[in-house]
Novice: 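My questions all concern the structure below.
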Amino acid sequence: MTDNLWPRIELKMVGDWGVANFHTLVGMIAANMRFKSEPRSRFWILTGTGFRDNIDAVARGEVDLGITTPLDVPLEWARQGKHLFAGRAYPFLRTLGYYPQDDRLIFAVREDTGITSFADIVERKYPLKLATSPRDDDNLMTCIIDKVLDLHGIHPGDIERWGGKWLGSDRPQICLARALSGEADAVMFEGIMTPGWYEWTAKETVRFIPFERAALEKLAKDYGLRPAVLSKGRLGAPADVPCLDFSHWAIFVRDDMEEEVAYRITSILVEHRGEMEARY
């Protein structure tokens, strides 16, 4: 090494759509590795959704490192070639670590809909205007939301057949903006730290719909999805609300990454974690 700098390196990474948490995290990795590496080290950051496309990009060798969430579910599916990754097993994927993030997949409706449960929606065939993730084959959250709805008796296409709308977006900010404007009367999304959740629940009375125990048990048994609660008082919830865990950001690579490179990246994640923690 020269002047105690790491040898020159080229590293390709995939984050999110360009302005959110994953891009911030890969940017932090790139910046601090650049400061510690010999001149003319180069770093590329690809945009992605954070879900299947990110994992495919690492697995195919298009990039060296990716980030996804929740921590274990998508990577376990990918390693085993199951569910969203049926027919494309990637057993060589490895996590270097994760950054903790307290997310939940929750379902909320405006109180004036009169809805108190999933069963109400099914019984009334309610024309729900649902702000949620987009219809996209790469989107893990859409895959999970479809499973949640199906286990509660709302099958693919039912919302539209009942006269409702599926208002899809990758971005929680867009989903919550639709609820705030009245375009949507329900939201199912993760990212509960997003300010829009607090703005919506402050503006009008919102009812959080609990996930049923049988559905949560099935989701855990068949898909490895962890049950969780939206704690009483959070977002104004009057009681604990059963929902799904969507926590933690996994930083992952292939098992053929050079050990020295993996060490450098991991040391950055540990030594400079305060740069991310300060943002939250």
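Predicted model, so just to flag it, every value in this text is computed and none were measured.
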Novice: Checking His272 now: which residues fulfil side chain to side chain donor-acceptor pair (under 3.5 Å) with it, not counting sequence neighbours?
Specialist: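 Here the qualifying residues are Asn32, Glu275.
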Novice: Quick one: name the residues clustered hydrophobically with Val19, using the 4.5 Å side-chain heavy-atom rule over I, L, V, M, F, W, Y, and just say none if it's on its own.
Specialist: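 Via sub-4.5 Å side-chain contacts, Val19 links to Trp17.
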Novice: Under the rule for ring pair (Phe, Tyr, Trp, His ring centres under 6.0 Å), what residues qualify as partners of Phe107, not counting sequence neighbours?
Specialist: Phe118
Novice: Could you work out, with side-chain contact (heavy atoms from CB on, under 4.5 Å) as the rule, every residue matching Ser41, not counting sequence neighbours?
Specialist: Arg8, Ile9, Ser37, Phe43
Novice: Which residue pairs pass the ring pair (Phe, Tyr, Trp, His ring centres under 6.0 Å) test when at least one of the two sits in residues 214-246, sequence neighbours left out?
Specialist: His83-Tyr223
Novice: Determine whether more than 12 heavy atoms belonging to other residues, nucleotides or ligands lie under 6.0 Å from atom CG of Asp137.
Specialist: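 Open: at most 12 neighbouring heavy atoms sit under 6.0 Å from CG of Asp137.
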Novice: Could you tell me which residues satisfy side chain to side chain donor-acceptor pair (under 3.5 Å) with Arg60, sequence neighbours excluded, listed by chain and number?
Specialist: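 Listed in chain order: Glu62.
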Novice: List the residues meeting side-chain contact (heavy atoms from CB on, under 4.5 Å) with Asp136, not counting sequence neighbours, and say none if there are none.
Specialist: Pro134, Asp138, Asn139
Novice: Please identify each residue that fulfils side-chain contact (heavy atoms from CB on, under 4.5 Å) with Ala59, with sequence neighbours left out.
Specialist: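 Ala59 satisfies side-chain contact (heavy atoms from CB on, under 4.5 Å) with Tyr90, Phe92, Leu93 once adjacent residues are dropped.
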Novice: Identify, with sequence neighbours excluded, every residue that meets side chain to side chain donor-acceptor pair (under 3.5 Å) alongside Arg34.
Specialist: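 Scan of Arg34 (side chain to side chain donor-acceptor pair (under 3.5 Å), adjacent residues dropped) gives none.
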Novice: With Ser247, which residues qualify under side-chain contact (heavy atoms from CB on, under 4.5 Å), at least two apart?
Specialist: Asp102, Arg104, Asp245
Novice: Residues two or more places apart in sequence or in another chain: which of them pass ring pair (Phe, Tyr, Trp, His ring centres under 6.0 Å) with Phe22?
Specialist: Trp249
Novice: List for me each residue that meets salt bridge (charged side-chain N to carboxylate O under 4.0 Å, His left out) alongside Glu183, sequence neighbours excluded, and say none if there are none.
Specialist: Arg178
